[in-house]
Structure formats: C-alpha cells, structure tokens
Amino acid sequence: ILNVEQSPQSLHVQEGDSTNFTCSFPSSNFYALHWYRWETAKSPEALFVMTLNGDEKKKGRISATLNTKEGYSYLYIKGSQPEDSATYLCALRSDSGYSTLTFGKGTMLLVSP
Amino acid sequence: NAGVTQTPKFQVLKTGQSMTLQCAQDMNHEYMSWYRQDPGMGLRLIHYSVGAGITDQGEVPNGYNVSRSTTEDFPLRLLSAAPSQTSVYFCASTSRDRGNTIYFGEGSWLTVV
C-alpha cells in the first residue's frame, strides 16, 4: 500500500483569500495523479488528471502543478469563495492496472464569507 | 447522461442481515470498483473489476462479494452485515486510458446496528 499524504488536513480561510494544498507521493511509483473535489452527500467531482512531470492545469480559479521527480503536486485556489468549501482529494495511480489507485485522506477547506 | 448510478442512497441494517448495493454505469467503461469512506481515512478499495466476468480484491475485501455479469452493472453484496461495515460506499468507473477521469456515484450511506 502506497503512502499518499495530503496537507494540511483542514484549512479555514476568508472569502477572497488564495490558498494551496499539497499532495505527496512516492516518486518511484508514479503513473498518474488525480485531484477531486468532494462535497458531503455528493459524488467526488474530478478536477484534474495529471500525467507528465511539470504539468500545469487550470480550471477557472483552481490550478494544479505536478513534480513527479520529487513526488508532489500542489492545488491552488485563487480568490476563494464560500462555494469552494469542500474536501479536496488527491489519488495516485501507480501503474496501468486499475487496482493501483491510492487516495490521500483529503484536505477539508472551509471558506467563510 | 446518467453516469454512475448507485442505489440505495441510505440504508440501515441489523447485524447479520445481508444486502446488495447496486451500481450501474452507462459510459461503456471497462473498469468498475467499490470504495468505502470512513472518518479520517482516504477512500479504500474494496473490490474492482477490469471487465465483464472478471473481479478481484482490493485493500479491504473481507465481508463483501461482487460479480460483473455485464459491462454496465457491478453490485456489491454484504453477506452478513457487521457494525464495522457502517460507512459511506462509492462506486466508480473508468476506462483504460491513462489520462481518463474516474467517475463516481453519489454514495450510499450504510449504518449497521
């Protein structure tokens, strides 16, 4: 079982603040890195799938970067809004086999108006 | 598009009872899987399937059975429910493509008393 670490565990920011979270993984076991946004009572919503070292992806105010050599990915939210409040999950896919997807425990973000 | 559909959304069981969580996807995905989400833990893989007629165990398979008679359906059976199986269950599907998103159902909240 691979160790996928997310930090911080939780975060409370004010509306308008920018914020970022980290996902760390064993660099020797990289195939793809997924980011999800999960609101309670809803299904996790896919944000990004990242496969190449140096990848940068953006979706509205949310962006992500990937460093496979050192084993980390950052998720950034610019100008946080209350509707960004959710748990952000990363998941490492370590080879082409489907069973090898390992999730981190998530970062819970709360944005206050 | 329906995507991944799970039923039921909520269920209360007595210890020792059996039940089946249903999962269906309409995206013709080869891969389907079941995860459980517990407080303080990441999503943990219970069972998965890489195609009709093929299933395999994930990280936490004990107490659960699965079958994959069609591409679309992947039911999860609890054989004799235990309080330790109180959890939120997510069904997911994806294709073999490395960059493809994993799609989740909306979750099934199960309480075993």
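Chain letters run A, B, ... following the sequence lines, proteins first, then strands; residues in each count from 1.
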Item to check | Backbone of B:Ile54 reached by a side-chain donor or acceptor of B:Ser49 within 3.5 Å | outcome: yes
Checklist entry - Quick one: does A:Cys23's side chain get under 4.5 Å of A:Leu33's, heavy atoms only? => result yes
Next on the checklist: If we check ring-ring contact (aromatic ring centres under 6.0 Å, His included) with B:His29, which of these qualifies: B:Phe74, B:Tyr103, B:Phe104, B:Tyr48?
Outcome noted: B:Tyr103
Checklist entry - When only pairs under 4.5 Å are counted, which of B:Arg44, B:His47, B:Gln37 shares the most heavy-atom pairs with chain A? => result B:Gln37
Checklist entry - Do A:Leu75 and A:Tyr72 belong together in a cluster built from hydrophobic side chains that touch within less than 4.5 Å? => result no
Checklist outcome for this item: Ordered numerically, the heavy-atom neighbours of chain A under 4.5 Å found in residues 105-113 of chain B are B:Gly105, B:Glu106, B:Trp109
Item to check | A:Gln6 side chain to A:Tyr88 backbone, donor-acceptor under 3.5 Å | outcome: yes
Checklist outcome for this item: The ring pair (Phe, Tyr, Trp, His ring centres under 6.0 Å) partners of A:Phe48 (sequence neighbours excluded) come to none
